[in-house]
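Just so it is clear: chains get the letters A, B, ... in the order the sequence lines come, proteins before strands, and each one is counted from 1. What you see below is based on every heavy atom in this structure, not just the backbone, and it leaves out hydrogens, waters and symmetry mates.
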2 protein chains.
Amino acid sequence: MSASKKIELIEKALKAFYAGGFQAVGMDRLAKETGISKTSMYKHFKTKEDLILEVLNLRDENYRSWFVRRIEALASTPVERLLAMFDALDEWFHEETYLSCMFIRASCEYPQSSNPIHKISAKHLRLLQAYVIGLAEQAGVKNPGDLARQLMLLNEGAIVLAHIQGPDDVARNAKETAQILINHALSQ
Amino acid sequence: MSASKKIELIEKALKAFYAGGFQAVGMDRLAKETGISKTSMYKHFKTKEDLILEVLNLRDENYRSWFVRRIEALASTPVERLLAMFDALDEWFHEETYLSCMFIRASCEYPQSSNPIHKISAKHLRLLQAYVIGLAEQAGVKNPGDLARQLMLLNEGAIVLAHIQGPDDVARNAKETAQILINHALSQ
DNA sequence: TATTAAGTTGACAGATCAGTAAACCTTAAT
DNA sequence: ATTAAGGTTTACTGATCTGTCAACTTAATA
């Protein structure tokens, strides 16, 4: 399979799995929706699970890249950036296709922590948290690790609530909550 | 099907679906694991989805009942109870079988908000939030709704992080974060 | 132009899926 | 002892699942 065809497959698979679910979308349906034959798919992916893993890797890279760039576009200082996290989330929540975070979805469909699909979800969260710790350090708070963990709680909670209850107000509430926590962290 | 057999089926189905996933666990496997024949199951449940809905209803009742009783056992005053939410969560997170919240799991496997399974997840969250608003009101904060939403963000965030990253420290971090938010709410 | 590489099509194997049915068994009630 | 109710066993239908294969088509390359 040519490299460009492979990327095309992964991108299309990402959309299909996100919209329909990893288990609900089978390889026959995936072939129909992507326009790529099963034989081609199995030329480059040993199994369906291998494809899912590549899909999650691509999603991780794309999401974190977007997230960082979006935050940097929305705010200039580290403190403002910590808050801008939630502005970025708000944009994402209000996308018509929003259906929670692909990694939460993956870890729910494959709940055992030993599962490679689940492990990628854990890695994704570690990388996100590392970024937030970085912002918290730049913001000059006394305990950047603590603040980062607090904001991660809000981040993940907002993602879930926006999906289950609808996107309105969730990110705004999370941002207001973050403001309180950041103010508190700065006053230590 | 006798009423007691039906409850037994729902309870055993709850365990099987929680451990393995709603879609991954089929009706044949469910029959093997519950010791109840498929013919019996279909005498009382028109479809697999009907069974899942009953499972979620039972889980909702059981969980909220346990949650309220556990919090009341752990703390006496409304403020302490708001914090004790996270002590209760901590106990749950450290159960060996812990695999996130069944409603987050359900909404991830059935992500479309029009799906009845997804709707039950939304209802569960509304009921939980109503309870927390009640505690916040009793605690005498100026904006109980705001505080309740903040604590729900922590609640859902903690549930997800405990599942994906492991249970250690998650509920404790959430409790410390809640303390900050409660103190802030009380000082308004 | 011939050859090679990459991809498609349609069929297949073996398994599992949700749901149904007939025949049978067990238990409870009369 | 008989009957009714409730449940089980086994097989079934039609569909879908993952993954593979042979034959074919299209594109790229020498």
Open item on the list: Quick check with a 6.0 Å cut-off and a 45 degree axis cone: is Arg105(A) positioned over the face of Tyr18(A)'s six-membered ring?
Closed with: yes

TODO: For salt bridge (Lys or Arg N to Asp or Glu O under 4.0 Å), just list the numbers for Lys32(B) and Asp28(B), CA-CA rounded to whole Å, side-chain angles, deciding distance to a tenth of an Å, and then say yes or no.
DONE: CA-CA 6 Å; Lys32(B) 283 199 186 79; Asp28(B) 277 324; 5.9 Å; no

Open item on the list: If I take atom OH in residue Tyr42(B) and atom P in nucleotide dC17(C), what distance separates them, rounded to the nearest angstrom?
Closed with: 11 Å

Open item on the list: Under a 3.5 Å threshold, yes or no: a donor from one side chain and an acceptor from the other, between Arg81(A) and Thr77(A)?
Closed with: no

TODO: Nearest whole angstrom, please: distance from the C1' of dT20(C) to the CZ of Phe45(B).
DONE: 18 Å

Task: Step-by-step side chain to side chain contact (heavy atoms under 4.5 Å, CB included) determination, Ser107(A) to His163(B) - done: CA-CA 8 Å; Ser107(A) 64; His163(B) 177 211; 4.2 Å; yes

Task: Nearest-angstrom distance from the residue atom CG of Leu9(A) to P of dT8(C) - done: 10 Å

- [ ] Report the distance from atom NZ of Lys32(A) to atom P of dG10(C), rounded to the nearest whole Å.
- [x] 11 Å

Task: Proximal nucleotide (of dG10(C), dT18(D), dT10(D)) relative to the Thr39(A) side chain - done: dG10(C)

Open item on the list: What is the distance, to the nearest angstrom, from the CE atom on Met27(A) to the P atom on dG14(C)?
Closed with: 21 Å

Open item on the list: From CZ of Arg29(A) over to P of dA15(D), roughly how many Å is that when rounded to an integer?
Closed with: 18 Å

Task: Proximity to the side chain of Ser37(A) - top-ranked nucleotide from dT20(C), dT9(C), dT18(D) - done: dT9(C)

Task: Closest to side chain of Ser40(A), choosing from dC17(D), dG7(C), dA18(C) - done: dG7(C)

Task: Closest to the Asp28(B) side chain, choosing from dT10(D), dT18(D), dC17(C) - done: dC17(C)

Task: Between CE on residue Met27(A) and OG on residue Ser37(A), distance to nearest 0.5 Å - done: 10.5 Å

Open item on the list: I'd like to know if Lys5(B) reaches the base of dG7(D) with its side chain, counting only an N/O donor and acceptor under 3.5 Å.
Closed with: no

Open item on the list: Nearest to the side chain of Lys43(A), heavy atoms from C-beta on, is which of dG7(C), dA22(C), dT18(D)?
Closed with: dG7(C)

TODO: Whole angstrom is fine here: how far is it from CD in Gln23(A) over to P in dT16(D)?
DONE: 18 Å

- [ ] Send over the distance from Ile36(A) CD1 to dT8(C) P, rounded to a whole Å.
- [x] 7 Å

